[in-house]
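Every value quoted in this text rests on a predicted model; they were computed, and no experiment measured them. For the numbers below, each heavy atom of this structure counts, side chains included, while hydrogens, waters and symmetry mates do not. Protein chains get the first letters and strands the later ones, always in sequence-line order, with residue 1 at the start of each.
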Amino acid sequence: MPANAISPTRAEDYPEWYQQVVRAADLAETSPVRGCMVIKPHGYAVWERMQGILDGMFKATGHVNAYFPLFIPLSYLEQEAQHVEGFAKECAVVTHHRLELGPDGKLIPTGKLEEPLVVRPTSETIIGAMYAKWIQSWRDLPVLINQWANVVRWEMRPRVFLRTAEFLWQEGHTAHATREEAEEETRKMLEVYATFAERDLAMPVVKGPKPAGERFPGAVDTLSIEAMMQDGKALQAGTSHFLGQNFAKAQKITFAGPEGNEEFCWTTSWGVSTRLIGAVIMTHSDDDGLVLPPRIAPHHAVILPISRTDEERAAVLEACCQLQGSLAAASFAGEPVRVKTDARDIRGGDKVWQHIKQGVPVRIEIGPRDLAAGAASLTRRDRGPKEREAIPLAELPARLPEILEEIQQGLFDRAAAFRESRSVRLESAAEVTEYFARDDAGFAWVHVADDPAIAALLDPLKVTVRCIPQDGPDEPGTCIVTGREVPRRSVLARAY
RNA sequence: CGGGGCGUGGCGCAGUCUGGUUAGCGCGCCUGGUUUGGGACCAGGAGGUCGAGAGUUCGAAUCUCUCCGCCCCGACCA
């Protein structure tokens with residue numbers, strides 16, 4: 001057997017390593033439908049964890065859930081000019097509503113639709129149409145709605161979790177009476193995403209506005225959180241858009257103000273998707289497979305009974321059962337510890353490696369020797385597969401939550417240190433060119449103006465301005481391309 | 001859409017150039033046995049109309065034509 005469970009390793013072939021991790025962890029696989037993935041139970045369980053936490057955060061910030069149709073009339077999409085331009089090239093279109101059996105036994109679409117329907121690539125237009133109906137008075141505002149849904153974007157080159165033709169996400173859509181309030185909402189939701197990424201996914205992010213060329217079609221301002229993957233590339237992990245009055249004007253979303261004046265609403269939208277699963281994989285996983293931060297792990301720990309004879313097995317299973325009960329009574333991150341016993345009749349080594357590859361944070365093995373000592377052998381996914389520690393059974397319910405917290409924090413620290421080690425400050429166009437020729441390139445913090453002129457420098461390097469980080473002190477400087485004064489550095493990187 | 005590559009049991013592949021016994025191999029799966037604090041070993045077994053269609057031929061996974069699908073590179077991807 002090779003030293004590592006995943007082949008190739010990250011260093012050998014990063015993209016292939018990613019695919020193999022997804023496969024070895026049994027998260028998802030490609031489907032008969034081009035560009036669409038099947039999310040398998042383990043992958044979906046991770047998504048459900050993410051959903052649960054985010055949904056709670058949305059509700060805590062005053063939002064409610066609703067559901068809007070999958071289909072959008074073609075004419076709706078045409079309402080906002082930039083929006084059409086941005087999405088037109090990647091839409092699935094429904095033109096018929098019936099099938100008839102042809103003479104050769106094949107099904108033929110019939111019943112042509114009067115107006116084609118677009119499968120939503122995003123829902124601004126259909127939701128805006130409803131908001132136009134619902135909102136009449138300033139007393140109706142703000143409207144703060146989120147929906148959990150699937151969307152379809154006909155991508156040219158799909159990649160499991162990172163870019164699939166159909167994906168799951170949430171999209172928040174809000175309408176406000178004032179510009180200030182909508183802008184505040186946009187920032188607030190970015191903050192929710194950043195907190196979730198760093199606290200729950202243990203994934204450090206840079207947050208701030210995108211340059212004009214990278215904005216959501218139809219948005220006045222797009223804020224994003226950007227994470228660094230282990231190959232140094234950036235991944236946009238969440239976005240929050242200030243839509244100004246663009247959609248309100250296109251869709252007549254108006255309200256009567258306190259003085260009887262009719263005004264357009266100010267709207268926002270924000271979303272994160274199953275891409276976050278890809279982000280977690282590429283942030284934490286190693287050459288033995290998936291590594292899950294405890295807060296989003298479907299199971300915090302798995303108990304593995306070890307026995308040879310039937311008598312031993314009975315005693316060991318009994319002990320496992322008791323331990324599972326006492327551990328489940330403990331809590332981590334405000335929830336009961338999630339623990340399961342894997343008593344399947346398969347070889348011990350296979351079983352252990354399955355759990356390693358699936359990213360379970362902690363493995364607890366109980367065999368006759370442990371039982372005699374009144375202890376269990378504990379191994380952690382963030383350490384070597386054979387680094388074990390004996391812990392008295394009575395102490396485990398108190399120790400496990402501490403260990404989970406250590407793992408959660410340790411994963412964040414490790415990712416932050418990695419990002420730091422692959423970040424540089426550059427002062428000239430020549431330095432940028434030189435830096436991105438290196439194969440260990442990462443984030444370059446550079447003074448650049450938000451100006452199309454910088455494309456001449458960045459395009460050949462396949463580098464983009466990821467965002468203009470909003471945190472930290474202002475650091476004015478001159479743009480390395482235009483020579484113009486800018487208030488702070490931007491983050492440049494290659495991106496997924 | 002342009003360039004390249006590939007379709008053979010669940011997965012990974014050999015065989016195709018040079019047509020010819022019952023289409024092989026590794027992993028996985030099932031059964032039995034020996035094992036067991038670590039991804040075991042031995043034996044037996046199941047599973048394939050070789051992407052689809054047409055053609056050449058006594059005979060096609062192999063040659064010819066058409067079609068379909070997938071992968072990689074590019075274009076594209078708020």
Side-chain angles (χ1 to χ4, degrees), chain A residues 1-7 13 15-16 19-20 23-24 26 29-36 80 82-91 104 121-122 124 151-160 162-165 167 169 171 209-224 235-236 238-243 246 269-271 273 275 288-289 304-309 312-313 316 342 345-358 363-373 375-379 385-386 388 390 459 462 464-467 494-496:
Chain A
M1 263 295 155
N4 298 304
I6 302 298
S7 175
D13 184 347
E16 182 60 23
Q19 311 241 72
Q20 293 303 327
R23 182 177 165 148
D26 212 22
E29 60 185 62
T30 54
S31 75
V33 184
R34 196 203 82 101
C36 295
E80 214 287 334
Q82 287 178 12
H83 199 63
V84 192
E85 205 185 315
F87 286 109
K89 281 176 285 184
E90 52 186 49
C91 284
D104 56 355
T122 179
E124 274 73 11
V151 287
V152 168
R153 297 180 187 180
W154 215 260
E155 300 289 356
M156 300 302 266
R157 192 178 301 174
R159 277 252 261 158
V160 182
L162 298 179
R163 186 177 298 113
T164 47
F167 56 92
W169 77 345
E171 47 181 327
K210 290 269 190 192
E214 302 275 331
R215 274 181 206 137
F216 175 80
V220 172
D221 205 2
T222 287
L223 312 181
S224 80
L235 184 76
Q236 179 177 302
T239 48
S240 184
H241 313 291
F242 171 59
L243 304 175
N246 290 351
S269 67
W270 29 274
S273 72
R275 172 181 260 202
D288 286 330
L304 304 165
I306 293 161
S307 61
R308 304 184 200 192
T309 64
E312 280 179 359
R313 184 171 168 80
V316 165
D342 185 353
D345 183 22
I346 59 172
R347 295 190 56 78
D350 283 331
K351 201 188 278 188
V352 165
W353 280 100
Q354 279 183 19
H355 292 295
I356 291 174
K357 289 187 279 194
Q358 292 213 319
R363 303 186 299 281
I364 299 168
E365 302 172 12
I366 299 185
R369 289 213 294 269
D370 303 295
L371 226 49
S377 300
L378 184 141
T379 44
K386 301 206 166 144
R388 66 184 67 241
D459 285 358
K462 299 188 176 191
T464 48
V465 176
R466 300 315 303 160
C467 71
R494 294 211 175 91
Y496 277 97

Review point. Considering every strand shown, what is the Watson-Crick or G-U wobble mate of rC76(B) when both distances are under 3.5 Å?
Key: none
Any base atoms under 4.0 Å from [X], or only sugar-phosphate, or nothing? Heavy atoms, all strands.
| X | answer |
| --- | --- |
| G367(A) | base |
| T122(A) | nothing |
| P368(A) | base |
| Q236(A) | base |

Check your understanding: Has R347(A) got a side-chain N or O lying under 4.0 Å from the OP1 or OP2 atom of rG39(B)?
Key -> yes
Review point. R163(A) side chain N/O closer than 4.0 Å to the phosphate oxygens (OP1, OP2) of rC77(B)?
Key: no
Of all the choices, [options], which nucleotide is nearest to the side chain of [X] once you look at every atom?
| X | options | value |
| --- | --- | --- |
| A5(A) | rG39(B), rC77(B), rG37(B) | rG39(B) |
| E90(A) | rG37(B), rA40(B), rC77(B) | rC77(B) |
| K89(A) | rG37(B), rC76(B), rG39(B) | rC76(B) |
| S377(A) | rG37(B), rA40(B), rC76(B) | rG37(B) |

Review point. If you measure from the P atom in rU56(B) to the same atom in rC13(B), how many Å do you get, rounded?
Key: 35 Å
Exercise for review: With P as the reference atom in both, quote the distance from rC27(B) to rA40(B) in angstrom, rounded to an integer.
Suggested key: 12 Å
Practice item. For R23(A) and for R388(A), locate the closest nucleotide of RNA chain B by heavy-atom distance; then report the residue assigned to the nucleotide nearer the 5' terminus. Key: R23(A)
Revision key, fill the gap. Comparing G35(A) with F216(A), nearest RNA chain B nucleotide closer to 5' gives the residue G35(A)
Study note, to complete from the structure: Between I6(A) and G289(A), the two heavy atoms sitting closest are CG1-N, 3.3 Å
Point to revise | Where V151(A) and P121(A) come nearest, the two heavy atoms and their spacing | key: CB-O, 3.8 Å
Review point. Could you walk me through whether H355(A) and D342(A) pass the side-chain hydrogen bond (donor to acceptor under 3.5 Å, both in side chains) check?
Key: CA-CA 10 Å; H355(A) 292 295; D342(A) 185 353; 2.7 Å; yes
Rounded to the Å, how far apart are [X] [atom1] and [N] [atom2]?
| X | N | atom1 | atom2 | result |
| --- | --- | --- | --- | --- |
| D13(A) | rC72(B) | CG | P | 11 Å |
| F167(A) | rC77(B) | CZ | P | 15 Å |
| K351(A) | rU36(B) | NZ | C1' | 12 Å |
| K462(A) | rC76(B) | NZ | P | 10 Å |
| I346(A) | rU31(B) | CD1 | P | 14 Å |
| W353(A) | rG28(B) | CH2 | C1' | 19 Å |

**Study point:** Side-chain heavy atoms of E214(A) within contact of R466(A), under 4.5 Å
**Key:** yes
Review point. Is it true that the side chains of S269(A) and H241(A) contain a donor and an acceptor less than 3.5 Å apart?
Key: no
